[in-house]
Amino acid sequence: MPELPEVESVARALRQNLAGRRLTGLEAPFAGVLDQPLRTTRRALLDKRLVDVHRRGKYMIASFARDGGDDPAHLMIHLRMTGQIFILDGYRPDKHVHVSFDFEGLPVHYRDVRKFGRLTLVEDPLAPAALAHVGPDMLAVRWPEWRRRVGSRTAPIKAVLLDQGVASGLGNIYVDECLFLAGVRPTTPAAALDDATLREILRRARQVLRLAIDHGGTTFLNFTDFYGKPGNFRRQLRVYGRAGEPCRACGGALAKTTVAGRTSVYCPDCQV
DNA sequence: ACACGCGCCTGATCGC
DNA sequence: TGCGATCAGGCGCGTG
């Protein structure tokens with residue numbers, strides 16, 4: 001599932017491949033992934049050039065404008081569980097392609113098997129009202145602010161890390177990886193952790209996110225990058241998807257439990 | 001303010 | 001071409 005690193009990979013590719021290109025076509029075989037009617041979305045975006053792409057957590061915001069910067073419009077994209085955006089030579093859209101963009105002859109597709117993702121027109125590309133409740137990006141937030149936002153939450157630390165209102169970007173995969181690296185069990189109440197441990201968790205979260213970005217993200221279900229290629233981070237995973245397998249640090253069997261409604265894998269010996 | 005459960009979706013996998 | 005049940009999970013929303 002696309003988390004911060006996978007979204008970053010797509011955002012970079014959009015910038016590199018489409019910046020300056022004009023949107024000349026927009027079709028939506030399944031308009032249900034659009035928050036506004038197709039005609040509204042077309043009216044806002046067609047004939048404008050893609051000028052920038054911002055990312056906050058797992059949200060991308062693509063900005064369009066006419067030549068000279070007039071009449072800007074912004075499309076916020078969230079891939080949720082199975083959303084993909086890609087450009088592939090000779091690709092013939094299957095039944096899961098819900099939106100197709102045409103950039104002066106360059107076709108770009110939005111594909112989403114579970115239809116959880118959303119494409120939303122927003123007014124403000126940097127601080128859209130729709131993201132008012134979403135916290136700062138996990139890679140950008142400073143320790144004091146993050147500490148303040150974590151507060152004295154009694155929920156398990158994993159639930160707090162998954163809460164995009166605290167800081168945005170972590171999902172189930174990287175939370176488990178981060179907590180393994182920090183040596184903390186996902187079930188531990190956040191309020192029971194001292195500042196040194198919380199600081200270590202934040203440091204490890206950033207470390208694993210950056211490393212995953214460098215490896216092009218993780219492909220578990222069906223994430224592919226902009227060019228249709230899977231990410232390379234999967235073989236770096238220490239715990240996610242490895243319940244029952246030996247811990248890469250101590251050799252003991254990894255345990256599985258449910259935290260915040262999500263499957264969670266940890267090492268009973270290395271994580272206390 | 002915070003914690004928790006549900007619904008949205010479809011494909012893969014499992015049990016019989 | 002067996003089929004129904006279960007699981008996977010991000011997020012918005014309703015409830016307590």
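Every chain is numbered from 1 and lettered A, B, ... according to where its sequence line falls, protein lines coming before strand lines. Values below: all heavy atoms of this structure, side chains included; hydrogens, waters and symmetry mates excluded.
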With respect to the phosphate group of C:dG10, does any side-chain polar atom (N or O) of A:His78 fall under 4.0 Å of OP1 or OP2? no
Is the shortest side-chain N/O distance from A:Lys58 to OP1 or OP2 of C:dG10 below 4.0 Å? no
message = Using only modelled atom types and a 3.5 angstrom limit, is any donor from either the side chain of A:Arg262 or the base of C:dA8 paired with an acceptor on the other?
response = no
| Is it true that A:Asp94 and A:Arg111 make a salt bridge, defined as a side-chain N closer than 4.0 Å to a carboxylate O? | yes
Considering only heavy side-chain atoms of A:Tyr59, the closest of C:dG10, C:dG12, B:dG11 is C:dG12
Testing C:dA8, B:dT10, B:dA3 for proximity to the side chain of A:Thr263, the answer is C:dA8
C:dC11 base stacked by A:Phe116 (centroids within less than 5.5 Å, tilt under 30°): no
Taking B:dA3, B:dT10, C:dG10 as options, the one with an atom nearest any side-chain atom of A:Leu162 is C:dG10
| said: Regarding A:Tyr59 and A:Gln164, do their side chains bring together a donor and an acceptor under 3.5 Å, going by distance alone? | reply: no
* Asked: NA contact type, A:Gln164, heavy-atom cut-off 4.0 Å: base, sugar-phosphate, or nothing?
  -> sugar-phosphate
Among the nucleotides B:dG11, C:dG12, C:dG9, whichever has the atom closest to the side chain of A:His133 is C:dG12
Does a side-chain N-to-carboxylate-O contact under 4.0 Å join A:Arg142 and A:Glu145? no
Assign A:Arg118 to base, sugar-phosphate, or nothing according to its heavy-atom contacts below 4.0 angstrom with the strands shown.
nothing
If only side-chain N and O atoms of A:Tyr240 are considered, is one of them under 4.0 Å from the OP1 or OP2 phosphate oxygen of C:dA8?
-> no
Between A:His74 and A:Phe64, is the ring centre distance below 6.0 Å?
no
The answer to which of A:His96 and A:Arg80 contacts DNA chain B further toward the 5' end, by nearest nucleotide, is A:Arg80
Side-chain contact check for A:Lys115: nearest option of B:dA3, C:dA8, B:dT10 is B:dT10
B:dT10 phosphate, OP1 or OP2: any side-chain N/O from A:Thr82 under 4.0 angstrom? no
